[in-house]
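Chain letters run A, B, ... following the sequence lines, proteins first and then strands; every chain starts at 1. Quantities reported herein were computed from a predicted structural model and do not represent experimental measurements.
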Amino acid sequence: MFQSRDEFLRWLRSIEKKWQSKWREAHLFEANLKPGAPKFYITVPYPYANGPLHIGHGRTYTIGDIVARYKRLRGFNVLYPMAFHITGTPIMAFSEMISRGDQKTISMYREYIKLYVEDEYKVEEILESFKNPLNLAVFFAERIQRDFEELGYSIDWRRKFHTGEPIYHNFVTWQFYKLMDKGLITRGEHIVTYCLLHQQPEGEDDILDADVNPVEIVEFTAVKFKLEDSDVYLLAGTLRPETLLGAVNMWINPQVEYVVFKWRGDKYIVSNEAFLKLKYQYPEEEFIVIKTISGRELLGKYALSPLNQKRLLILPAQFVDPDNATGIVYSEPSDAPYDYVALVELKRNPDLLKEYGIDPSQVTSIEPVKIIDIPGIKGHHAEEVVKNAGIESQNDPRLEEITSEVYKEQFYKGIIRVDDPEFNGLSVRDAREKMKNKLYMQGYAIPFYELNRKAWCRAKGKIIVAKISGQWFINYNLEWLKSKAREIILSNKLIVIPSKYTKQFLDVLDWLDKRPCARKRGIGTKLPWDSEWIIESLSDSTIYMAFYTIAHIIREKGIQPNMLIPEVFDYVFLGQGDVSDVSTKSGIPVSVLEEMRREFMYWYPVDQRHTGIPHISNHLTFYILHHIALFPMEQWPRIISLNETVIREGAKMSKSKGNVIPLRHVTTMYSADLFRLYIAWAAELDSVLDWREAEVLRVLDNIMRFTNITKQAVETACEERGYDIFTRWFMSKFNEIIEKATVMLENMEIRKYIQYVFFDVLTLVDKYRELKGLDYICGVKEILREWITLLNPVIPHLTEEINSWLGSSEFLSVSSWPEVKKPIEEDLVILVDNIDKVISDIREIIALLKKPVNTVYIIIAPEWKREIARLVLSGVQLKMIIEAMKTKFGLKGREIEIVDAFNTYKKMDKADLERIAKTTSKREYEVMLAVTNYLQRKLGVNISIIWEEEARHRSIPRAERALPLKPALYIE
RNA sequence: GCGGGGGUGCCCGAGCUUGGUCAAAGGGGUCGGGCUUAGGACCCGAUGGCGUAGGCCUGCGUGGGUUCAAAUCCCACCCCCCGCACCA
């Protein structure tokens, strides 16, 4: 018997190790082709090997493993493979940062390595090796594999690979040729975040703090305002082109340097910073610098609004940031708080104006023009909020927040009120779109891209927005593709579990468009027709499940990368080409090619793919679409199942909080089976799972209790003997649980399945012990083998161990799922379960009486009362019932009692009536008699079981109130 | 904004798809009892209100509605969480 958690955990870990090595030695989970046997192919996306995985990942892989193990017990030939993803920029970026000596990264990785390596010297050596990204990836891939093995996952490791391997590159190359053939590849312009230091596009992974403070690209409309009496245009950037009609002046920062340049045959002015950005956004065009000027030189001049030729005075403003958009803005003080405040400030400060050579009277006459109606705002919106907030200076930081509030409110509620019929009456939202397009179309404006915040790369290089030309895309916006995807989802040819996520797939299909599929840096496969480009990491991971089916053959037969020419994959995956030609061309023997083809045809399609919710909008949708694009219908995905994320003690796990539990700790600090049971039980798939230490320990206590019970059962010698009433009840209940648990597992309701087979069975055993006494353990022994089989998918190690205690020399993990043993004695189940209700009734009454109690009479209703219930249930009329009762039970003269019973049943729920109908009074009496001792013990009173008729003879009060399943009670 | 999910008893959390068996599973906490030298663990009982006979009343975000009957269905409102891409 285990007493302490520590002792038990140590033991648990030791048997986990033992069984893992036994499974490994037996090659138990290596799935080989068995012609004729039903197969089940389940995959979970391979992990990205840039660091240790945590318990959130563990949830997903554990669920995959539970399904794999369950299907195996159901007699399927199951393939559950795994590989490692190293494509993309993060691994490279981390490796570069380590090379560069970035202390944060170095200490982070040092901690990661220490999870697996104790020797300090070794740790530094490994860290040093990470300067080569491949070493980093391979190190973690190997550790993740070890983590997975230590969690007992039933993976066929022969098929593993990583995405940086040449054989994988060849596979991806083939795939991209195919996509090209099918017309999914296009090329065009693309707007990206771009690092000026590295002179290349850099995404979230490379940008400082982008994970916590996301960087977004926003489109400004840069409006051309012609300087009066010149041929030069000011380019004023705005996010709200619809306010152009309310522009009353221009803002220039006098302290900033501007550039006058020639472009597209015209002359323009923008800030220095903006000029640089412009060149990156129009990379193939010619810009000629004419001169630089100070902002001050422009003050006091007039610019003409392009639509109405209104003269706008150029005024000074400090809030104008040269490094935001074009460094020039127009002023619409009615709606823009900054504009309003700056204007008021200027009016209050004529000296400053004079200093810049501007006549203050010119400014006094500038008034906001109201062009937007907002419910509840009479005057100028900007004025109102600025005054409410008491803001006086354009340098007040609160302006930022106020501005976004005003913008938001106007966007949703604002209506344009202007003379121009084209815009009058439009919502702000519509007007913005319309104005922008109009300005672009008529050549009055150009798009100018800017970031939502200032950003730098990890090496402190400035990030701007640039346009890449010649970007390669995968075009998912093809009707033939999308409609097929919709069709299989809607017709349930592709099943989504839990089904509530089905709609999300359909939604994604609606908005999914072109996706850039290659970048100029990172680890990965080169684009076969344009070797400057490397295929991006989600685009190379869409149909790799096909690769698992042949990966081990490639290794075993020593097939070299150069032999894996596209024709090989055409043959293996699509059955195209003549096998001997392919053999000649590739150098792979015909027999091997045929073997690969057989293997693929046997395992494909993927029966189930399981992963996390966040993959719906990208990977999973690509997975579906690529299969549709490249394979015949028979090979398309069948089931996609999903689970939510994991949090810890109510808080999100994150590196910055330092509350991430790595999988490594599961096997050193907890145990595999404990983890598996907890993580699979603590929440249903579609809800976020909260890892709570206290709960984990409680589950541990239960596993310990379970182990102790089973141990005792194994060690007790039991004789063959007949089943008494309680044992029959126990068996029936257990068989009901088998039935229900099986249904739950088939529906992927894993939490409920575990609730039944673990927690409910434990409770059942307790109850059985109470009823039956010490002898109960023999009943447990009887169901033990089936019980541990039911639990095997979740806690495979412990159940294998118990199975060995039972003297079995076979692996439980490849045995078979228990069948439900009939008959389940439903009447016994109802009657014994009903005892709890009787007990609580008795307790309630005793508590109310507040008197000492000697004896409780439990008075059982006669069979005729049940018969009435049955008749009511089958809809027989009262009259008929009375007649039947009279003849069958001799109840002449007791018609009132019959009517009473009839009325009672009429009011009852159908389910209750059915329970009554399924039992007999004789059985009810027997059961009550059998539990008499139990009741006496439990309630601490004398119990007397007595038939109603007899009780009436003995004039025991209340006897006539007896009903089936609700005996009358009289308390003395 | 668009799309998705959710608000349940002191707390966590089931149930709502297929309305009644739901005062509402299961934990936790709290209270009482057992066991114990004591504590822990474990076991038993109680834990919305009222009631001297198994009952009644109130109740599952707020306000309406449908129904003989609603935590469960419909409508409106309030609040919370997640995703919106080219990134794994």
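- When rounded to the nearest whole Å, the span between CD1 of A:I709 and P of B:C43 equals 10 Å.
- A gap of 15 Å separates the P atoms of B:G7 and B:C74, to the nearest Å.
- In this structure, CD of A:E684 is placed 13 Å from P of B:G6, rounded to the nearest angstrom.
- The side chain to side chain donor-acceptor pair (under 3.5 Å) test with A:H610 singles out one residue from A:N643, A:T60, A:T43, and that residue is A:N643.
- At the heavy-atom level, A:I613 lies nowhere under 4.0 Å from the strands shown.
- Taking atom C1' in both B:A70 and B:C16, the straight-line distance is 10 Å, to the nearest Å.
- Annotation: the span from A:E649 atom CD to A:W691 atom CH2 amounts to 10.0 Å, rounded to 0.5 Å.
- In this structure, A:K966 reaches the B:G55 phosphate: one of its side-chain N or O atoms is under 4.0 Å from OP1 or OP2.
- Atom C1' of nucleotide B:G13 and atom CH2 of A:W691 are separated by 18 Å, given to the nearest angstrom.
- A:E924 and A:K966 make their closest contact through OE2-N, 4.1 Å (heavy atoms, listed as atom of the first residue, atom of the second, distance).
- Checking the phosphate oxygens (OP1, OP2) of B:G45, a side-chain nitrogen or oxygen of A:K938 falls inside 4.0 Å.
- The two residues A:A83 and A:P47 have their closest heavy-atom pair at O-CD, 3.3 Å.
- Using a 4.0 Å cut-off between a side-chain N of Lys or Arg and a carboxylate O of Asp or Glu, A:K740 and A:D760 do not qualify as a salt bridge.
- With B:G54, B:A88, B:A85 as the choices, the nucleotide that has an atom nearest any side-chain atom of A:N618 turns out to be B:A88.
- In this structure B:A46 sits in a base pair with B:U30, meeting the Watson-Crick or G-U test at under 3.5 Å.
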**OP:** For salt bridge (charged side-chain N to carboxylate O under 4.0 Å, His left out), just list the numbers for A:R486 and A:D510, CA-CA rounded to whole Å, side-chain angles, deciding distance to a tenth of an Å, and then say yes or no.
**Re:** CA-CA 10 Å; A:R486 282 192 197 98; A:D510 281 343; 3.1 Å; yes
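- Checking B:C42, B:A53, B:G27 against every side-chain atom of A:R698, the shortest atom distance belongs to B:G27.
- In terms of polar N and O atoms assigned as donor or acceptor, the side chain of A:D507 never comes within less than 3.5 Å of the base of B:G3 in a complementary pairing.
- Between B:U17 and B:A71, the two C1' atoms lie 15 Å apart (nearest whole Å).
- Look at NZ on A:K503: it is 14 Å from C1' on B:G83, rounded to the nearest Å.
- With both ends at atom C1', the span from B:G34 to B:G27 equals 22 Å, rounded to whole Å.
- Straight-line distance between the P atoms of B:U62 and B:G9: roughly 10 Å, to the nearest whole Å.
- Across the protein-nucleic acid pair, A:D686 atom CG and B:C82 atom P stand 17 Å apart, rounded to whole Å.
- Formation of a donor-acceptor pair under 3.5 Å by the A:H162 side chain with backbone atoms of A:L134 is not found in this model.
- Dashed line: the shortest gap from a side-chain N or O of A:S537 to OP1 or OP2 of B:A88 is under 4.0 Å.
- Residue contacts shown for A:A968 include a base, since a base heavy atom lies under 4.0 Å away.
- Of the candidates B:G51, B:A53, B:C86, B:A53 carries the atom nearest the A:L849 side chain, counting heavy atoms from C-beta on.
- Among B:A53, B:C86, B:A14, the nucleotide with an atom closest to any side-chain atom of A:R751 is B:A14.
- Nearest approach of A:E960 to A:E948, heavy atoms of both residues: CA-OE2, 3.7 Å.
- Take the nearest nucleotide of RNA chain B for A:K500 and for A:Q755: the residue whose nucleotide is more 5' is A:K500.
- Taking atom C1' in both B:C73 and B:G19, the straight-line distance is 7 Å, to the nearest Å.
- Going from atom CD of A:E536 over to atom C1' of B:A88 covers 9 Å, rounded to whole Å.
- Which of B:C86, B:C12, B:G54 sits closest to the side chain of A:H190 comes down to B:C86.
- Within the 4.0 angstrom heavy-atom criterion, base atoms lie near A:Y970.
- Checking B:C42, B:A88, B:G15 against every side-chain atom of A:Y48, the shortest atom distance belongs to B:A88.
- Note on A:I971: a base of the nucleic acid sits closer than 4.0 angstrom, heavy atoms only.
- On the P atoms, B:C77 is 13 Å away from B:C2, given to the nearest whole Å.
- Taking atom CZ of residue A:R843 and atom P of nucleotide B:G51, one finds them 21 Å apart after rounding to whole Å.
- Comparing atom distances between the A:S687 side chain and each of B:C82, B:G51, B:A14 picks out B:A14 as nearest.
- Each of B:G51, B:A85, B:A53 was ranked by its minimum atom distance to the side chain of A:R958; first place goes to B:A53.
- Considering only side-chain atoms of A:L538, the nucleotide from B:G51, B:G83, B:A88 that sits closest is B:A88.
- Among the protein residues, A:P498 comes within range of no part of the nucleic acid, since none of its heavy atoms lies under 4.0 Å from any strand.
- Residue-level contact check: A:H85 touches the backbone only, with heavy atoms under 4.0 Å from sugar-phosphate atoms and none from bases.
- For the OP1/OP2 pair of B:A88 and a distance below 4.0 Å, the side-chain nitrogens and oxygens of A:T89 include at least one atom meeting the criterion.
- When the C1' atom is used for both B:C22 and B:G59, the distance is 11 Å, rounded to whole Å.
- Rounded to whole angstrom, the span from the OH atom of A:Y934 across to the P atom of B:C43 amounts to 14 Å.
- Among B:A88, B:U52, B:G83, the nucleotide with an atom closest to any side-chain atom of A:P90 is B:A88.
- No engagement by A:S4 is indicated, since no non-hydrogen atom pair under 4.0 Å with the nucleic acid exists.
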